[in-house]
Amino acid sequence: MMNNADMTGRGNYFEDFRVGQVMRHARGKTVTEMDNVMTTLLVMNTAQGHFNEHAMKSNRFGQRITFGGVNIATVVGLAMQDTGENAVRELGMTGIRLKTPVFHGDTLYAYSEVLDTIDRGDPVGAEVVFHHWGVNERDEVVMEGTRRVLVRRRPAGR
């Protein structure tokens with residue numbers, strides 16, 4: 001799955017995306033305690049699994065796990081340079097699956113596949129459907145989901 005990926009860095013207008021295209025996004029991000037604690041508190045999630053090191057030592061993971069919202073935001077954020085640079089509007093995200101726990105110190109990487117391109121004749125943009133997935137440094141899939149984006153058309157003359 002990962003070996004078929006290609007590096008990105010094109011203009012990323014609607015016309016640049018093709019169904020079946022797989023992108024390995026250039027950047028990775030190491031998840032820190034600050035990422036987990038700050039974001040989790042901002043959304044008022046006080047689950048023991050994210051905050052209580054003492055309680056989690058006796059859990060099957062033996063340590064705190066990172067809030068799933070942090071993992072989703074990190075993976076989609078890593079994909080944004082290539083999939084959202086010319087976004088006009090986010091249309092939705094579905095099918096989100098958190099597959100493997102993420103811990104402080106894990107490094108996440110993002111991949112995307114273009115599932116569909118839908119041109120409804122809007123002069124500003126057209127829809128691109130992406131399947132995003134993130135892996136940790138051990139190539140374990142930690143998150144996946146489908147995202148729909150209205151992407152700007154290439155300006156005339158470019």
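Since this is a predicted model, take the numbers as computed values, not measurements.
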Problem set entry | side-chain contact (heavy atoms from CB on, under 4.5 Å) between N12 and Q81, worked out | CA-CA 9 Å; N12 304 319; Q81 179 181 6; 5.8 Å; no

Exercise. Under the salt bridge (Lys or Arg N to Asp or Glu O under 4.0 Å) criterion, do R154 and D16 qualify, and how do the steps go?
Worked result: CA-CA 9 Å; R154 182 177 300 290; D16 296 322; 2.3 Å; yes

For this session: Take R97 and E144 through the salt bridge (Lys or Arg N to Asp or Glu O under 4.0 Å) test and state the conclusion after the steps.
Result: CA-CA 5 Å; R97 300 288 180 267; E144 64 180 321; over 6 Å; no

For this session: Please lay out, stage by stage, how N136 and F103 fare under the test side-chain contact (heavy atoms from CB on, under 4.5 Å).
Result: CA-CA 10 Å; N136 60 24; F103 305 102; over 6 Å; no

Problem set entry | Test side-chain contact (heavy atoms from CB on, under 4.5 Å) applied to T146 and F130, step by step | CA-CA 6 Å; T146 300; F130 297 101; over 6 Å; no

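Ion pairing between R64 and E53 holds under the 4.0 Å rule for side-chain N and carboxylate O. Using a 4.0 Å cut-off between charged nitrogen and carboxylate oxygen, E85 and R152 do not count as a salt-bridge pair.
Atoms OG1 and NZ, on T74 and K29 in that order, are 6.0 Å from each other to the nearest 0.5 Å. A distance of 13.0 Å separates CZ in F17 from CD in E113, rounded to the nearest 0.5 Å. Here the CG-CG distance, from D122 to L150, works out to 6.0 Å after rounding to the nearest 0.5 Å. Of the inter-residue distances, the one linking N59 atom CG with N52 atom CG reads 10.5 Å to the nearest 0.5 angstrom. Separation of atoms CG (N71) and CE (M143) is listed at 9.0 Å; rounding is to 0.5 Å. For the atom pair OG1 (T94) and CD1 (I96), the distance works out to 7.5 Å, reported to the nearest 0.5 Å.
With contacts defined as side-chain heavy-atom distances shorter than 4.5 Å, the pair V22/V114 does not qualify. E127 places none of its side-chain heavy atoms less than 4.5 Å from the side chain of V149. By the 4.5 Å heavy-atom criterion applied to side chains, I118 and R120 are counted as neighbours. You'll find the side chain of L91 reaches within 4.5 Å of the side chain of R89, heavy atoms only. Within the 4.5 Å cutoff, no side-chain heavy atoms of V128 are placed close to those of D116. Residues R148 and E90 are not in side-chain contact: their nearest non-hydrogen atoms beyond the backbone lie 4.5 Å or more apart. At least one side-chain heavy atom of D106 sits under 4.5 Å from a side-chain heavy atom of R138. Contact of the V102 side chain with the F67 side chain is not registered, since no non-hydrogen atoms from C-beta on lie closer than 4.5 Å.
In the hydrophobic cluster analysis, where Ile, Leu, Val, Met, Phe, Trp and Tyr join through side-chain heavy atoms closer than 4.5 angstrom, L108 is grouped together with L98. Placement of I72 and V31 within a single hydrophobic cluster is found when ILVMFWY residues are connected by side-chain heavy-atom separations under 4.5 Å, directly or transitively. Put simply, F61 and V37 are part of two different groups of oily side chains (I, L, V, M, F, W, Y) that touch within less than 4.5 Å, one to the next. Under the 4.5 Å side-chain heavy-atom criterion for ILVMFWY residues, a single connected hydrophobic cluster contains both V70 and V43.
Panel note: side chain S58, backbone A55; a donor-acceptor pair is recorded below 3.5 Å. Here the side chain of D82 pairs no donor or acceptor atom with the backbone of H25 at under 3.5 angstrom.
For the side-chain contact (heavy atoms from CB on, under 4.5 Å) test with H104, the passing option among I65, T66, D35, T30 is T66; the others fail. Between Y111 and the choices L78, V135, V75, V141, the side-chain contact (heavy atoms from CB on, under 4.5 Å) rule is met once, by V135.
R153 is linked by a side-chain contact (heavy atoms from CB on, under 4.5 Å) to F14, E15, D119, A126, counting only residues two or more places apart in sequence or in another chain. Not counting sequence neighbours, the partners of H131 by the ring pair (Phe, Tyr, Trp, His ring centres under 6.0 Å) test are W133.
Side-chain contact of T83 with R147: a donor-acceptor pair under 3.5 Å is present, judged by distance alone. One side chain, H132 or S112, offers a donor N or O that lies under 3.5 Å from an acceptor on the other.
Residues V88 and V151 come closest through the heavy atom pair CG2-C, 4.3 Å.
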